[in-house]
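First comes the structure, then the notes that go with it.
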Amino acid sequence: MTDLKTIRDQCKKFAEDNLRECCIEIIEWQDTAILRDGKVRELAALCSTFISNHDGLRVAESYVSRAAIQAAIGRSESQATEKVRDNG
């Protein structure tokens, strides 16, 4: 059995590695109310391994949102963590 941290790290990496496609799918989903089979659903399936199935899409969307915000400000997850530690 895979531990929670490992699965969460896999979700973060998946969102980062597939960011553009996930963003396109989410915008399309918001515009049409239909989420096609694609990377967001793949991420949701991965997320569902550590939460209930009903929340998988919501959690997947939050991973994509975070990855998009970090990309927009030019900061990786490790840099964000270092900044928090430096201020703590």
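Side chains are part of it too, since the values below use all heavy atoms of this structure and drop only hydrogens, waters and symmetry mates.
- Residue Ala68 comes nearest to Cys23 through the heavy atom pair CB-SG, 4.2 Å, listed as atom of the first residue, atom of the second, then distance.
- Both Leu4 and Ile51 are assigned to one and the same hydrophobic cluster, defined by single-linkage of ILVMFWY side chains at heavy-atom distances under 4.5 Å.
- Note that the CD atom of Gln70 and the OG atom of Ser65 stand 11.5 Å from one another [nearest 0.5 Å].
- The two residues Leu43 and Cys11 have their closest heavy-atom pair at CD1-O, 3.7 Å.
- Of the options Val40, Asp37, Val64, a side chain to side chain contact (heavy atoms under 4.5 Å, CB included) to Glu25 is made by Val40 and by none of the others.
- Each of Ile34, Ile24, Leu57 was compared with Trp29 under the side chain to side chain contact (heavy atoms under 4.5 Å, CB included) criterion, and only Leu57 meets it.
- A salt bridge links Glu42 with Lys39; the closest basic N to acidic carboxylate O contact falls under 4.0 Å.
- To the nearest 0.5 Å, the span separating CD on Gln10 from NZ on Lys5 amounts to 11.0 Å.
- Contact record, Cys47 with Gly56: CB-O, 4.1 Å, taken as the closest heavy-atom pair.
- Ala71 and Leu19 make their closest contact through CB-CD2, 3.8 Å (heavy atoms, listed as atom of the first residue, atom of the second, distance).
- Distance check, rounded to the nearest 0.5 Å: CG of Leu35 to CD of Gln30 gives 10.5 Å.
- Note that the NZ atom of Lys13 and the CG atom of Asn18 stand 9.0 Å from one another [nearest 0.5 Å].
- Within a 6.0 Å radius of CZ in Arg8, other residues, nucleotides and ligands contribute 12 heavy atoms or fewer.
- Other residues, nucleotides and ligands contribute only 12 or fewer heavy atoms inside 6.0 Å of the CZ atom of Arg20.
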